[in-house]
Amino acid sequence: MSLDISSLNPAQREAVEHIEGPSLIIAGAGSGKTRVLTSKIAYLIESGISPNEILALTFTNKAAKEMKERVIHFAGERSERLWMGTFHSMFARILRIEAELLGFTRNFTIYDSNDSVSVVKSIMNEQNISTDKINPKSIHSYISKIKNKVILPAEFHTLANTQFENIVADVYEVYFDRLRRNNSMDFDDLLIYPIILFNKFEETLQKYQNRFRFILVDEYQDTNKAQYEIVKALSASHKNLTVVGDDAQSIYKWRGAEIQNIFDFGEDFSEHKLFKLEQNYRSTKKILDFATIVIGKNQKQIEKVLWTDNSAGDDITIIESLTDKEEASKISKYISREIHQRKLKFNDIAILYRTNSQSRTFEEFFRLNGIPYIIVGGIRFYERKEIKDILAHLRIIVNPSDEESLIRVLLLKDGFGKTTLDKLKDFAGDKNMNLYDLIKDTNELGGITGKARNKIIEVLNFVNKYRYLRDEMDLHELVRGVIDEMGVLKSLRLENTTDADERINNIDELVSAVAAFAESTDMPTLDEFLSQVSLVSDIDEVDDKKNAVTLMTIHASKGLEFPVVFIVGVEEGLFPVTSSLNSLEELEEERRLFYVAITRAMQKLFVSFADMRFRFGNKMYQVKSRFLREVEDEVNIKKLVEYEHFKPQKRKLISQSKRPNPSIGFNFKKEKSNFEEINDEFSDIVNGKGVFHETFGKGVVIGVQGKGKDKKADILFEDCGLKKIILKYAKLRVNFD
């Protein structure tokens with residue numbers, strides 16, 4: 001089927017037909033961004049440009065797969081030669097080709113976050129850094145942020161100021177070298193090493209500049225500094241760079257994304273052409289208008305006006321509940337109603353929340369009400385223990401220098417324990433050798449004897465056997481052989497428990513994944529399969545075929561759409577999160593996140609908040625999010641929204657005296673004469689009393705402790721949530737109404 005662009009709207013068509021030179025496509029939510037990108041790639045191919053000369057970069061494997069299938073549909077099988085995939089997968093491919101220039105072999109291992117944290121923890125133990133006082137995850141996270149800013153160990157040593165940064169600098173230096181010694185890269189290295197490669201070897205850069213004469217980047221607002229530098233370097237000679245994005249959907253600052261990249265595109269490429277896709281095809285008018293009002297509160301944004309020819313649709317329903325349990329109970333009932341009234345399936349509905357911990361209450365009520373559900377972002381399939389154990393065996397076949405996988409395999413052997421491992425590590429450290437290089441010469445095992453020595457030899461024999469067999473067997477047979485030799489299925493069947501059955505099903509699913517991979521690739525190899533597995537993200541594991549309600553974080557929902565969406569827990573301190581309240585930049589990102597959540601909805605949107613929920617093991621009194629409060633006075637909002645208030649007479653969990661003001665917002669009189677200074681005994685500070693604090697603003701007293709000058713109060717403030725106040729220092733004013 002040849003490409004027909006006549007069905008595109010004028011703005012889309014103009015963006016597709018622009019070939020030469022840089023272009024910036026601002027694509028509003030639901031504006032057909034994927035269609036434009038795929039049409040443009042197909043248009044380039046039909047214009048005579050070879051697919052080999054096109055590099056298309058996305059942020060998820062799911063998006064890359066969908067786009068490539070569409071391009072092949074339009075431009076034919078020759079499009080299969082197109083380089084299209086995630087940043088990490090495409091540059092992992094380049095690094096495998098050029099690995100030897102960087103001191104790696106082509107079969108290097110890609111570490112996931114758990115592997116990386118394990119290496120960090122090992123280094124901390126070597127450096128006598130307490131893993132009780134400093135979490136290895138926090139050091140790994142900091143190293144990841146440093147890498148995303150393209151800062152190497154030597155440079156960071158000069159930048160480190162605090163005690164924590166100095167500790168990170170010491171660990172980072174060893175960590176960087178340790179991964180190289182293990183012939184391994186972590187996720188961030190897949191972006192760091194291409195920059196090192198292109199900076200160090202100009203001929204290699206020119207080779208790829210000439211190879212990729214046309215570069216297209218999806219979700220440009222989510223690029224970090226490393227991704228920005230790679231794209232800029234590759235496009236420097238021809239400047240045929242098309243980037244597509246939406247500043248209003250930039251939500252990944254926490255993982256290094258720099259929204260300034262999309263703002264600065266015009267300065268980087270002054271001759272660029274700007275296109276704006278403003279027609280929304282996804283949502284109803286009311287949902288889109290609500291989203292526009294919300295995001296309009298952000299100060300920094302590229303001007304655009306989204307519109308739609310879709311119907312007005314239903315009002316947005318804002319649900320107020322007494323507790324998080326009541327919130328889950330109400331939403332369970334709404335789900336049943338929506339399915340019945342709209343003739344929907346369960347997988348047409350999504351529950352979106354700010355943090356993963358919010359899923360628990362919904363799980364409880366869904367189980368009680370027989371509502372099937374899936375959770376995106378729990379324990380990912382490839383991180384489950386039985387799967388990790390199998391993958392570790394496969395990884396040491398490909399790369400025996402992968403120390404983390406080798407250690408995992410050794411520790412699975414009965415008779416080989418931590419004491420033996422520590423001895424081997426000491427030997428390897430003394431000789432400055434990789435662990436595998438040490439044990440493959442059994443003469444180097446020193447005092448390791450008996451059962452432990454036999455287990456080491458058993459692992460060496462396993463590696464040698466399957467390194468030979470991987471060239472003699474097809475991939476599917478090889479993986480089955482490894483699983484059989486491990487004996488894991490036999491052990492689980494003997495266990496005969498529900499948990500064991502689930503683990504067996506997971507292993508079967510892994511074998512199915514190998515078979516599917518083998519069918520989809522002309523010459524499937526174990527190296528390629530392991531590389532693909534390492535690059536799977538949460539969104540790639542979304543099962544859109546299972547008829548179940550999807551529970552997921554808003555971050556994970558990016559790029560998806562559902563007929564019915566519930567955004568839950570929209571409360572101050574939870575959404576926006578407390579850590580964002582003192583930074584305009586971070587607060588605006590939280591508002592963009594709310595905008596992303598709203599624009600996932602196609603037909604019906606619910607926004608929910610509770611007045612009390614359990615957080616950190618305690619009852620926490622909540623106030624609805626500023627994102628709702630700040631739009632309530634908008635003239636147009638009343639035409640878009642219906643409120644479901646809780647019924648006070650049904651609230652039995654908290655007495656009237658301990659409950660915060662149940663009205664939406666806080667109802668204080670503003671006349672200055674109504675406020676009086678609190679007397680020395682603070683006798684007027686009682687439950688339910690409205691107060692004003694010079695820093696925190698308006699609030700309501702929900703609890704008091706102590707007497708006289710020692711009196712303290714729990715006060716729920718409108719803008720910053722619950723605070724415990726020592727009254728003698730507070731200089732509160734009391735509203736005597």
Pick from Arg93, Arg106, Lys207: which one makes a side chain to side chain donor-acceptor pair (under 3.5 Å) with Glu98? Lys207
Can we say Lys385 and Asp389 salt-bridge, meaning some charged N sits less than 4.0 Å from an Asp/Glu carboxylate O? yes
Separation between CG of Asn224 and NZ of Lys149, rounded to the nearest 0.5 Å: 9.0 Å
Heavy atoms from other residues, nucleotides or ligands near CZ of Phe201 exceed 12 (cutoff 6.0 Å): yes
Drop me the distance from Phe91's CZ to Gln227's CD, to the nearest 0.5 angstrom. 9.0 Å
Compare every heavy atom of Leu8 with every heavy atom of Arg13, then report the nearest pair and how far apart it is. NH1-O, 2.7 Å
For Thr308 and Ser283, work out which heavy atoms get closest and say how close. OG1-O, 3.8 Å
When you measure from the side chain of Thr109 to the backbone of Tyr111, do you find a donor-acceptor pair of N or O atoms at a distance under 3.5 Å? no
As an exercise, state the distance from CD1 of Ile351 to OH of Tyr373, rounded to the nearest 0.5 Å. 12.5 Å
With under 30° as parallel and over 60° as perpendicular, where do the rings of Phe212 and Tyr208 fit, or are they tilted in between? parallel
Say you draw a straight line from CG of Leu391 to CG of Asp112; how long is it, rounded to the nearest 0.5 Å? 9.0 Å
Contact between Arg354 and His555 at the side-chain level, heavy atoms closer than 4.5 Å - yes or no? yes
Check the pair Lys273 / Glu14 against salt bridge (charged side-chain N to carboxylate O under 4.0 Å, His left out), numbers first and verdict last. CA-CA 10 Å; Lys273 189 81 183 282; Glu14 190 180 357; 3.6 Å; yes
Just wondering, do Leu216 and Leu44 contact through their side chains at under 4.5 Å, heavy atoms? yes
Scan Lys33, Lys276, Lys304 and name whichever one has a salt bridge (Lys or Arg N to Asp or Glu O under 4.0 Å) with Asp246. Lys304
Keeping the roles fixed (side chain from Asn356, backbone from Thr553), state whether a donor-acceptor pair exists under 3.5 Å. no
Using modelled atom types and a 3.5 Å cut-off, is there a donor and acceptor pairing between side-chain atoms of Glu278 and backbone atoms of Val305? yes
Test Asp115 against Lys388 for side-chain contact (heavy atoms from CB on, under 4.5 Å), laying out the working first. CA-CA 10 Å; Asp115 298 321; Lys388 289 278 285 184; 3.2 Å; yes
Leu526/Leu475 under side-chain contact (heavy atoms from CB on, under 4.5 Å): CA gap, chis, key distance, verdict: CA-CA 6 Å; Leu526 184 56; Leu475 180 60; 3.9 Å; yes
Between Asp264 and Tyr228, is a side-chain hydrogen bond (donor to acceptor under 3.5 Å, both in side chains) present by the stated rule, with each step listed? CA-CA 11 Å; Asp264 290 345; Tyr228 164 81; over 6 Å; no
Can you check side-chain contact (heavy atoms from CB on, under 4.5 Å) on Ile287 and Thr599, steps first, answer last? CA-CA 7 Å; Ile287 292 172; Thr599 54; 5.8 Å; no
For Ala15 and Ile25, work out which heavy atoms get closest and say how close. CB-CD1, 3.8 Å
Any non-hydrogen side-chain atom of Val511 less than 4.5 Å from a side-chain atom of His476? yes
Min side-chain heavy-atom separation Tyr281-Asn9 under 4.5 Å: yes
Side chain of Asn183, backbone of Thr105: donor and acceptor closer than 3.5 Å? yes
Sub-3.5 Å donor-acceptor pair from the side chain of Asp222 to the main-chain atoms of Ala257, do we have one? no
May I ask you to say whether Arg70 pairs ionically with Glu66, meaning some side-chain N is under 4.0 Å from a carboxylate O? yes
If you apply the rule salt bridge (charged side-chain N to carboxylate O under 4.0 Å, His left out), what do you find for Lys604 with Asp348, and how did you get there? CA-CA 11 Å; Lys604 177 66 181 179; Asp348 291 322; over 6 Å; no
Under a 4.5 Å cut-off applied to non-hydrogen side-chain atoms, are Phe87 and Thr223 in contact? yes
Looking at Met84 and Ile41, what are the two nearest heavy atoms and their distance? CE-CD1, 3.2 Å
Would you confirm whether the ring centroid of Tyr252 sits within less than 6.0 angstrom of the ring centroid of Phe59? no
Kindly indicate whether the side chain of Ile507, heavy atoms from C-beta on, has any atom under 4.5 Å from the side chain of Leu489. yes
Is any NZ, NE, NH1 or NH2 atom of the basic residue among Arg592 and Glu589 found under 4.0 Å from an Asp or Glu carboxylate oxygen of the other? yes
Could you walk me through whether Arg96 and Asp527 satisfy the salt bridge (charged side-chain N to carboxylate O under 4.0 Å, His left out) test, starting with their C-alpha distance in whole Å, then the side-chain angles of each, then the deciding distance to 0.1 Å, before giving a yes or no? CA-CA 10 Å; Arg96 291 205 185 279; Asp527 310 45; 5.7 Å; no
Given the rule in the side-chain hydrogen bond (donor to acceptor under 3.5 Å, both in side chains) test, do Glu219 and Gln221 qualify, once you have shown the distances and angles that lead to the verdict? CA-CA 5 Å; Glu219 306 286 11; Gln221 77 282 348; 2.7 Å; yes
Is there side-chain contact between Ile195 and Ile230, with at least one heavy-atom pair below 4.5 Å? yes
Say you draw a straight line from CD1 of Ile598 to CZ of Arg600; how long is it, rounded to the nearest 0.5 Å? 10.5 Å
Atom of Ser23, atom of Phe275 and distance for their closest heavy-atom approach: CB-CE1, 3.8 Å
Enclosure of Glu202 CD (heavy-atom neighbours >12, cutoff 6.0 Å): no
Ignoring hydrogens and angles, tell me if any N or O in the side chain of Lys239 forms a donor-acceptor pair with the backbone of Ala236 under 3.5 Å. yes
Would you please test Ile26 and Ile262 for side-chain contact (heavy atoms from CB on, under 4.5 Å) and show each step? CA-CA 9 Å; Ile26 300 298; Ile262 197 167; 4.0 Å; yes
Could you report the tightest heavy-atom contact between Leu205 and Leu234, atom names first, then the distance? CD1-CD2, 4.3 Å
Measuring only between side-chain heavy atoms, which start at C-beta, is Ile19 closer than 4.5 Å to Tyr43? yes
Do other residues, nucleotides or ligands put more than 12 heavy atoms under 6.0 Å from Arg211 CZ? yes
Any side-chain to backbone donor/acceptor pair from His238 onto Arg213? Under 3.5 Å, distance only. yes
Say you draw a straight line from CG of Leu394 to CG of Asp402; how long is it, rounded to the nearest 0.5 Å? 11.5 Å
Polar side-chain atom of Thr525 near backbone of Glu528 as donor-acceptor pair, under 3.5 Å: yes
Does a donor on one side chain and an acceptor on the other come within less than 3.5 Å for Arg395 and Ser184? no
